[in-house]
Amino acid sequence: MTSGFDQYASLGSAMIKKNNHSRYFHRALTLVDFVILNVVFFVVVMLNPNVEEIHGRLVWLLLNLAYVPVGRHIGRIHKIRAMQMDRLWLSVFQAVGSHALAFIFLLYLMGLDSIPWQVFGEFYIGATAMLTLWWLGSHYLLKNYRRGGRSYTRVVIVGCGPTAERLLSEMKADPGFGYRCQGFFDIYCPPGFRHKDLYSGNIGDLEKFVLDNSTDEIFYTISGENREAVQLILGICESRMVKFHYVPQISPFLTRKFRLDSIGQMPVLEVRNNPLERGVNRALKRGFDILFSGAFLLVSPLIFIPIAIAIKISSPGPVFFKQIRTGYKGRDFLCWKFRTMKVNAQADTLQASKNDPRKTRLGDFLRRTSLDELPQFINVFKGDMSVVGPRPHMLKHTEDYRRLIGKYMVRHLIKPGITGWAQVRGYRGQTEELWQMEKRIEHDIWYIEHWSFLFDLKIIVSTVINAFRSEEKAF
């Protein structure tokens, strides 16, 4: 009979065998992070030799000690399976900021307070740049490494329903995620199950399978109301040191990003995640809008006056075109633009087309370069609009499309913007077919649910680049 100690030793040996490869690979990547910080600091010291002369090796020691409390946080970036630039930048700023706090605290604790702030500035600017480049590169290398069948995670899926099938499809969609499905387990295999070749047996057979095949993680997709099954799988994961994931059975029509909340001890998923519902985010976005629009309006006469004179010369009528449009939470507001058309009776009902005879020659240029939108910085400063957000539509379009597109009014959960995610992705201008407006709404909703300050900056930069390119759909 095998003793408990022997069983534990055998299990420990199996865990080491199956995890060493991936663990050491991630440790190697994290070691490079550590080396980068030292190399950047070495360069800064070379540029400021008085730092080394005064403090010598003690500063180097404190630099590396400061890495210890934030090293695990820095290393987590190498385990992210789906990288986004917003998430990358946030992780870089968090890592560098955490290290700065720890490093400066240790320096002042040791009485080394004579180091110029210029040195800190040079070091952390350099560290931010180098870590960003390295994390982008290492993530690309890691995904390609996984696509080659290495550093993968062995997983078992519990359940043979639609949720389990969708989960496997997502895992297979990008081999760079590094998942390898070993099999499916359920109470029984339904007749319509599409992956019968991977069906490995009843839930009662799972523990032996996990031990024999060195499974790393289990994804549970059966209803959480099945108390006995949940307790059984959790018990297997805890006794065999396997990571447990609960995959809620969510309709495929609800594919958006969720936010986890709770009522007492009951977890609740919010279907419509809106980061701008949080006061801090709203304050950040509004503060940026005021500063950005205020700075622009201070210098706007240099742009507005020449354009106003040109408009007056090109055709009779007012310089500005003011139109009531649908804004935040469906409220109407007066939207400002430079007039780009001859005065006409269809201005509030008929959308501009590519060769619209109502446009003036100057107006066509203003539209192609998006200069006609610049007066909307007045709306931004007043609070009717934001620099970035879904484009405001005329009232007739709101009434028409709210009947045709079920999600149309969701775009009004935040303030409209001068530019937006849909615009920089090419969904702007005339919408001749319904699918074009549907794609615009899809991008607007995606922006709302994935908003971040860095995302706004990315859209602004893309807008400026597109303006110089003179987009085809800007008419």
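In terms of the salt bridge (Lys or Arg N to Asp or Glu O under 4.0 Å) criterion, Asp289 has no residue partners (sequence neighbours excluded). For Lys285, the salt bridge (Lys or Arg N to Asp or Glu O under 4.0 Å) criterion is met by Asp456, not counting sequence neighbours. Residues satisfying the side chain to side chain contact (heavy atoms under 4.5 Å, CB included) test with Phe105, not counting sequence neighbours, are Leu109. Among residues two or more places apart in sequence or in another chain, the side-chain hydrogen bond (donor to acceptor under 3.5 Å, both in side chains) test is passed with Thr398 by Thr326. Asp400 pairs by the salt bridge (Lys or Arg N to Asp or Glu O under 4.0 Å) definition with Lys396, Arg403, not counting sequence neighbours.
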Determine, step by step, whether Arg402 and His412 satisfy the side-chain hydrogen bond (donor to acceptor under 3.5 Å, both in side chains) criterion, reporting the C-alpha distance in whole Å, the side-chain angles of both residues, the deciding distance to 0.1 Å, and the verdict.
-> CA-CA 11 Å; Arg402 74 187 303 173; His412 300 105; over 6 Å; no
Applying side chain to side chain contact (heavy atoms under 4.5 Å, CB included), run through Phe292 and Ile418 and close with a yes or a no.
-> CA-CA 12 Å; Phe292 195 91; Ile418 296 177; over 6 Å; no
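No donor-acceptor pair under 3.5 Å is formed between the side chain of Ser239 and the backbone N or O of Cys237. Between the Asn274 side chain and the Glu449 main chain, no donor and acceptor come within less than 3.5 Å of each other. Within the 3.5 Å criterion, the main-chain N or O of Pro416 finds no donor-acceptor partner in the side chain of Ser386. A donor-acceptor pair is defined here as one N or O able to donate and one able to accept, closer than 3.5 Å; no such pair exists between the side chain of Glu217 and the backbone of Thr153. Without hydrogens or angle criteria, Lys415 side chain to Gly383 main chain gives a donor-acceptor distance under 3.5 Å. In terms of modelled atom types and a separation under 3.5 Å, the side chain of Arg325 and the main chain of Leu334 share no donor-acceptor contact.
If you take CZ on Arg411 and CD1 on Ile448, they are separated by 8.0 Å, rounding to the nearest 0.5 Å. Ser462 OG to Gln423 CD: the interatomic distance, rounded to the nearest 0.5 Å, is 12.0 Å. In this structure, CZ on Phe103 lies 5.5 Å from OH on Tyr124, to the nearest 0.5 angstrom. Atom CG of Asp444 is separated from atom CE of Met437 by 9.0 Å, given to the nearest 0.5 angstrom. With values rounded to the nearest 0.5 angstrom, Lys208 atom NZ is found 8.5 Å from Asn213 atom CG.
Shown here is Phe381, whose CZ atom has no more than 12 heavy atoms of other residues, nucleotides or ligands within 6.0 Å. Enclosure of atom CZ in Arg278 by more than 12 non-hydrogen atoms of other residues, nucleotides or ligands within 6.0 angstrom is indicated.
Between Trp134 and Met130 there is no side-chain heavy-atom pair separated by less than 4.5 Å. In this structure, the side chains of Ile233 and Phe185 stay at 4.5 Å or more apart for every pair of heavy atoms.
Aromatic rings from Phe193 and Tyr199 are positioned such that their centres are separated by 6.0 Å or more.
Sorted by first then second residue, the salt bridge (Lys or Arg N to Asp or Glu O under 4.0 Å) pairs that include residues 185-204, not counting sequence neighbours, are Glu165-Arg194.
In summary, the side chains of Gln376 and Glu373 do present a donor paired with an acceptor at a separation below 3.5 Å, with no hydrogens or angles considered.
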